[in-house]
**Student:** 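The structure follows.
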There are 2 protein chains.
Amino acid sequence: MPDTSRIKHTKLTSRIMPAREAAALIRDGMVIGASGFTRSGDSKAVLPALAQIAESERIRITLMTGASLGQGTDGALATAGAIAMRLPFQSDPVMRTIINQGGLPYIDENLSETAAHIRNGFLPPIDIAIIEAASIDADGSIVPTTSVGNSAIFVQQAKSVIVEINQAVPVEIRGIHDVFLPEDPTGRAILPITEVWQRIGQDVIACDPEKIAAIVFTNQKDSPAETTSDNAAADAIASHLLHFFEQEIAVGRLTRSLRPIQAGIGKIADAVLSGLAQGDFEHLTMYSEVLQDSTFRLIDSGKMDFASGSSVTLSDDCYQRVFADFEHYRHKILLRPQDITNAAEVIQRLGIIAINTALECDIYGNVNSSHISGSHIVNGIGGSADFAQNSYLSIFVTESVAKAGRISRIVPMVTHVDHSEHDVDVIVTEQGLADLRGMSPRQKAQAILRHCVHPDYHDVLSDYFERACRRGGHTPHALEEAFRLHTNLAETGSMKGRVLMDAAE
Amino acid sequence: MPDTSRIKHTKLTSRIMPAREAAALIRDGMVIGASGFTRSGDSKAVLPALAQIAESERIRITLMTGASLGQGTDGALATAGAIAMRLPFQSDPVMRTIINQGGLPYIDENLSETAAHIRNGFLPPIDIAIIEAASIDADGSIVPTTSVGNSAIFVQQAKSVIVEINQAVPVEIRGIHDVFLPEDPTGRAILPITEVWQRIGQDVIACDPEKIAAIVFTNQKDSPAETTSDNAAADAIASHLLHFFEQEIAVGRLTRSLRPIQAGIGKIADAVLSGLAQGDFEHLTMYSEVLQDSTFRLIDSGKMDFASGSSVTLSDDCYQRVFADFEHYRHKILLRPQDITNAAEVIQRLGIIAINTALECDIYGNVNSSHISGSHIVNGIGGSADFAQNSYLSIFVTESVAKAGRISRIVPMVTHVDHSEHDVDVIVTEQGLADLRGMSPRQKAQAILRHCVHPDYHDVLSDYFERACRRGGHTPHALEEAFRLHTNLAETGSMKGRVLMDAAE
Ligand SMILES: CC(C)(COP(=O)(O)OP(=O)(O)OC[C@H]1O[C@@H](n2cnc3c(N)ncnc32)[C@H](O)[C@@H]1OP(=O)(O)O)[C@@H](O)C(=O)NCCC(=O)NCCS
Ligand SMILES: CC(C)(COP(=O)(O)OP(=O)(O)OC[C@H]1O[C@@H](n2cnc3c(N)ncnc32)[C@H](O)[C@@H]1OP(=O)(O)O)[C@@H](O)C(=O)NCCC(=O)NCCS
């Protein structure tokens with residue numbers, strides 16, 4: 001039963017309708033801005049209904065979101081051929097396959113940038129916004145649920161708005177959001193955040209009630225985060241990082257509160273953050289994108305005071321725990337639009353320590369976080385570059401190998417660059433930690449070879465580096481064999497297939 | 001004769017000494033922070049004297065500057081073996097050769113970042129700052145000359161300071177500088193610039209007079225900028241860009257004042273900026289790094305109201321003209337520290353149009369601005385990424401070919417990534433302009449192939465793209481032949497050496 005008390009603007013109750021009816025408002029060719037960030041606060045009913053409609057009717061939309069959706073929605077829409085263009089992030093295995101087949105144009109964007117691109121008219125104007133809400137205020141304002149993402153800009157710019165009121169989310173969630181819409185880049189407002197817990201906006205998304213074309217009731221939890229199973233590599237990485245932080249504290253560059261932390265998605269980053277609970281820290285804070293289980297583990301351990309993000313994406317267990325005792329957590333977290341969580345200005349001012357995951361790194365410290373063998377996308381760049389470029393310290397974590405050792409994640413040259421060596425300060429694998437600050441490219445290579453590479457690949461990588469150095473260059477390469485490990489992999493199923501030595505001059 | 005009236009702190013006149021004596025204060029192993037940005041406002045006497053001393057004595061220093069030095073100083077120091085480490089930018093042909101031979105570790109840094117790296121203790125502490133000045137105030141404050149660069153942070157952090165008073169620079173230069181030192185990144189100050197002409201600091205570099213260990217008098221102009229000879233490619237690029245701006249004005253995204261412009265170094269960027277004088281613009285402004293001849297041409301044409309930068313780097317002719325009529329120009333320009341001119345925060349807030357030069361671009365819109373064939377550095381990344389990443393519109397210009405057509409500057413995959421596709425909105429060659437906004441990688445490739453590629457290379461690049469697409473991927477590549485054009489060049493002296501078709505599947 002729809003709990004109409006969640007709609008304080010009583011006239012709007014007349015717009016309550018079934019999901020399928022609301023989905024029918026979406027026409028072929030429309031541009032849709034939908035809530036949802038890393039599986040949280042996404043449309044549970046209207047987009048899935050649209051996918052169903054699209055199975056029998058021709059309907060293809062441009063779909064913008066905050067970041068990835070849960071519920072398999074992206075996969076269902078892609079399978080139904082309902083997507084003409086997708087941005088700025090996805091992580092759905094089915095959609096990913098279709099993108100890589102060339103069946104779906106995808107704009108993989110820095111998550112900070114979509115709002116500005118919309119505002120600047122670099123993207124097509126939004127027809128309909130679909131926003132998951134906990135409730136609607138008397139003036140039409142929308143109380144978001146477990147994410148903010150791009151919802152505020154979507155509501156502001158859309159011609160009409162479909163609200164999904166999710167009764168599975170307690171109305172008490174109201175108050176954890178801080179919604180600020182910066183103005184146009186010409187004379188755009190200063191973002192006056194100088195502390196992670198500072199509020200600069202409203203706790204709701206302002207919305208003209210006339211724009212609300214439909215209200216759909218749902219009662220369904222977010223897709224749970226994938227839980228991290230025990231991972232020896234992650235533990236080793238966490239311990240290298242703890243040791244590094246201890247050294248930084250010892251020389252006086254950091255205190256026991258470190259600096260505000262951002263931790264990216266991926267198995268390792270979450271595990272590493274949990275690892276901080278083992279360290280001798282106090283009054284930690286986060287200024288991040290996604291608040292994961294690890295955030296709440298740190299809060300529970302008493303070591304973290306506050307966490308700012310754009311979504312909470314939790315395992316089932318953690319979700320239960322947090323919402324069962326929400327009053328305990330509500331003053332310790334804040335959810336903001338992703339152009340605020342990821343704003344260069346704020347990240348620089350706060351002096352963030354950014355911890356993100358690499359798919360592969362090269363010996364000179366360039367990082368690939370998105371494309372397997374340079375061609376096939378996994379998820380996308382997400383917010384990783386927003387943080388890597390502007391942080392006080394940009395750390396990338398990765399296991400030194402993948403696929404049972406058949407792939408070295410440290411390579412001569414990355415096949416795709418998401419983060420150039422200028423934006424990578426520290427690389428950590430289970431083998432060790434390379435602190436690249438204050439180093440030239442050749443010095444970086446020596447540090448990465450010494451500390452990060454898996455022993456199985458040490459000789460082949462050192463040999464490449466030495467021979468390339470003999471040819472000269474600031475960043476020595478031998479282009480004809482820079483991707484030899486990758487072509488080995490393609491030909492033989494393992495990077496070990498043939499050794500680079502074959503190509504020795 | 002030293003004009004001691006330029007030293008208002010009269011006691012300091014006792015520190016006047018010959019350059020060689022001041023240079024002798026510099027000891028082996030020291031860290032030196034020297035003024036100088038794109039050949040302007042650099043040490044004319046002390047660093048050259050040091051190079052001479054180093055020819056006979058073992059003395060190796062870490063040398064930090066704003067950006068490149070003039071006078072062949074970097075080359076002389078490198079040849080004398082006087083440099084243990086150089087950062088953050090250089091453009092000297094002799095030094096470049098030694099760097100590429102592996103004879104000199106060079107940290108090629110984003111120009112915005114050096115000050116923060118110093119402040120954060122990521123770089124070794126500075127022993128001596130060498131600063132070119134027009135005069136010294138009664139309280140010891142230093143009036144800079146034709147650049148600000150990193151001079152303020154160097155003076156603040158150095159144990160002692162050597163001032164070079166350059167009598168070739170008129171004392172009337174005082175007042176065009178705006179020196180602001182932000183605080184530590186934890187709780188670092190907001191940079192409150194919301195208009196290009198806004199002052200936020202002092203017109204001098206504060207300096208404890210006790211720190212001034214030596215004063216050296218010089219009387220020598222900056223090395224002149226290389227003048228741009230007539231260049232048909234640059235004219236064509238300028239005309240494509242004018243047409244593009246007209247279209248943006250027509251659809252209402254820009255006005256006839258455009259937005260504040262940044263124009264990078266390189267022959268093409270300067271020529272393109274001059275080309276704006278042909279357009280129907282008014283009240284243009286610049287928020288850039290280097291103010292070049294083109295800036296003053298635009299001011300003279302009445303189309304530009306104001307230009308903010310970190311240095312003025314002019315040809316001899318233009319230098320004469322500007323300093324002969326300095327009162328006319330003084331209220332139209334402002335020189336700031338490079339962490340302010342290149343601050344992400346300010347660049348984003350002002351909504352800059354950034355125009356930088358590419359050495360090569362790939363079909364997906366990634367740009368290499370620094371490394372020939374991925375190995376050999378030309379200059380460095382400079383401020384190009386600071387602007388490309390944070391601008392409203394990031395434009396890269398380049399001729400479609402180099403070396404009389406033997407090199408295509410559009411390639412399947414760049415051999416070094418300074419700017420990822422996320423930070424490149426528009427690519428312009430003399431062939432045409434590709435507007436990449438709102439496009440997926442495959443769409444970008446189609447636009448670049450259609451508009452930017454030289455006809456001689458069109459087939460080979462289209463063929464690569466089509467065959468790569470058949471293999472699949474979000475950003476389709478065929479790794480074993482991604483650098484075939486470059487290996488052709490290495491083997492045969494031309495990218496046309498062998499065609500990619502040979503490798504057709
Ligand atoms: C980089 C990223 C994909 C890592 O996520 P993850 O879940 O830890 O991924 P894995 O390391 O397990 O790798 C994913 C898959 O690629 C494979 N893989 C990993 N590295 C590889 C490599 N170098 N070459 C080929 N395959 C590789 C893995 O084996 C795995 O395959 P499987 O699922 O078939 O076992 C993820 O962090 C990401 O999308 N990052 C970009 C966005 C981002 O960083 N956002 C941060 C701000 S929130
Ligand atoms: C990219 C950059 C080097 C271009 O400068 P430029 O003076 O226009 O350089 P050119 O295009 O003439 O190229 C320089 C040399 O490299 C050669 N070259 C150019 N592209 C090449 C390519 N793709 N492969 C091989 N050689 C190439 C040219 O032929 C020329 O050689 P030559 O001097 O022997 O004739 C310069 O803009 C730069 O250093 N940029 C990085 C810093 C920056 O952008 N700062 C901006 C903020 S101020």
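Order of the sequence lines fixes the chain letters, A, B, ..., with proteins taken first and strands second; residue numbering starts at 1 for each chain.
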**Student:** Examine whether an atom of A:Met85 lies under 4.5 Å from a heavy atom of chain B, and if so say whether it belongs to the side chain, the backbone or both; otherwise answer neither.
**Tutor:**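 Looking at A:Met85, just its side chain touches chain B.
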
**Student:** Counting heavy-atom pairs under 4.5 Å to chain B, which of A:Leu123, A:Ile193, A:Thr415 comes out on top?
**Tutor:** A:Thr415

**Student:** Among A:Pro441, A:Ser373, A:Pro124, which residue forms the greatest number of heavy-atom pairs with chain B at distances under 4.5 Å?
**Tutor:** A:Ser373

**Student:** Please round to the nearest 0.5 Å and tell me the distance separating atom CG of B:Leu479 and atom CE of A:Met413.
**Tutor:**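 Here the interatomic distance stands at 11.0 Å.
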
**Student:** In terms of heavy-atom pairs under 4.5 Å, which option from A:Asn366, A:Ile190, A:Leu104 contacts chain B the most?
**Tutor:**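 Highest number of pairs under 4.5 Å: A:Ile190.
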
**Student:** Let's test your reading of the structure: which of B:His486, B:Gln443, B:Glu109, B:Arg86 forms the most heavy-atom pairs below 4.5 Å with chain A?
**Tutor:**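 Max contact count across the listed options: B:Gln443.
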
**Student:** For the residue pair B:His371 and A:Thr475, confirm or rule out a side-chain donor-acceptor distance under 3.5 Å.
**Tutor:** yes

**Student:** Between A:Met439 and B:Ile107, does a side chain to side chain contact (heavy atoms under 4.5 Å, CB included) hold up when you go through it step by step?
**Tutor:** CA-CA 6 Å; A:Met439 287 186 176; B:Ile107 308 179; 5.8 Å; no

**Student:** Can you give me the closest heavy-atom contact between A:Phe483 and B:Phe483, atom names plus distance?
**Tutor:**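 Looking at all heavy atoms of both residues, the shortest contact is CE1-CE1, 3.3 Å.
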
**Student:** Chain B: which of A:Ile377, A:Leu191, A:Asp423 shares the most heavy-atom pairs with it under 4.5 Å?
**Tutor:**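 Option with the greatest count: A:Ile377.
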
**Student:** Please identify, among A:Arg437, A:Lys444, A:Arg253, A:His474, the residue contributing the most non-hydrogen atom pairs under 4.5 Å to chain B.
**Tutor:** A:His474

**Student:** Tell me, side chain or backbone of B:Ile347 under 4.5 Å from chain A's heavy atoms, or both, or neither?
**Tutor:**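 No part of B:Ile347 comes within 4.5 Å of chain A.
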
**Student:** Counting heavy-atom pairs closer than 4.5 Å to chain A, which one of B:Pro192, B:Gly102, B:Ser420 comes out on top?
**Tutor:** B:Gly102

**Student:** Could you tell me whether A:Arg349 and B:Glu345 have a side-chain N and a carboxylate O separated by less than 4.0 Å?
**Tutor:**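 Yes, A:Arg349 and B:Glu345 are salt-bridged.
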
**Student:** Could you tell me the separation between the NE2 atom of A:His422 and the CG atom of B:Asp386, rounded to the nearest 0.5 Å?
**Tutor:** 10.0 Å

**Student:** Quick one: CG on A:Leu393 to CZ on B:Phe122, what's the gap to the nearest 0.5 Å?
**Tutor:** 5.0 Å

**Student:** Given the options B:Ile99, B:Asp108, B:Asp418, B:Asp435, which has more heavy-atom pairs under 4.5 Å with chain A than any of the others?
**Tutor:** B:Asp108

**Student:** Looking at A:Gln101, A:His117, A:Gln389, which makes the most heavy-atom pairs under 4.5 Å with chain B?
**Tutor:**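 Greatest number of close heavy-atom pairs with chain B: A:Gln389.
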
**Student:** Would you give the length of the straight line joining atom CD of A:Glu480 to atom CZ of B:Arg484, rounded to the nearest 0.5 angstrom?
**Tutor:** 11.0 Å

**Student:** Below 4.5 Å from any heavy atom of chain A, which atoms of B:Pro476 appear? Answer side chain, backbone, both or neither.
**Tutor:**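 Backbone only.
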
**Student:** Go through B:Ala344, B:Ser375, B:Gly252 and name the one with the most non-hydrogen pairs under 4.5 angstrom from chain A.
**Tutor:**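 The answer is B:Ser375.
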
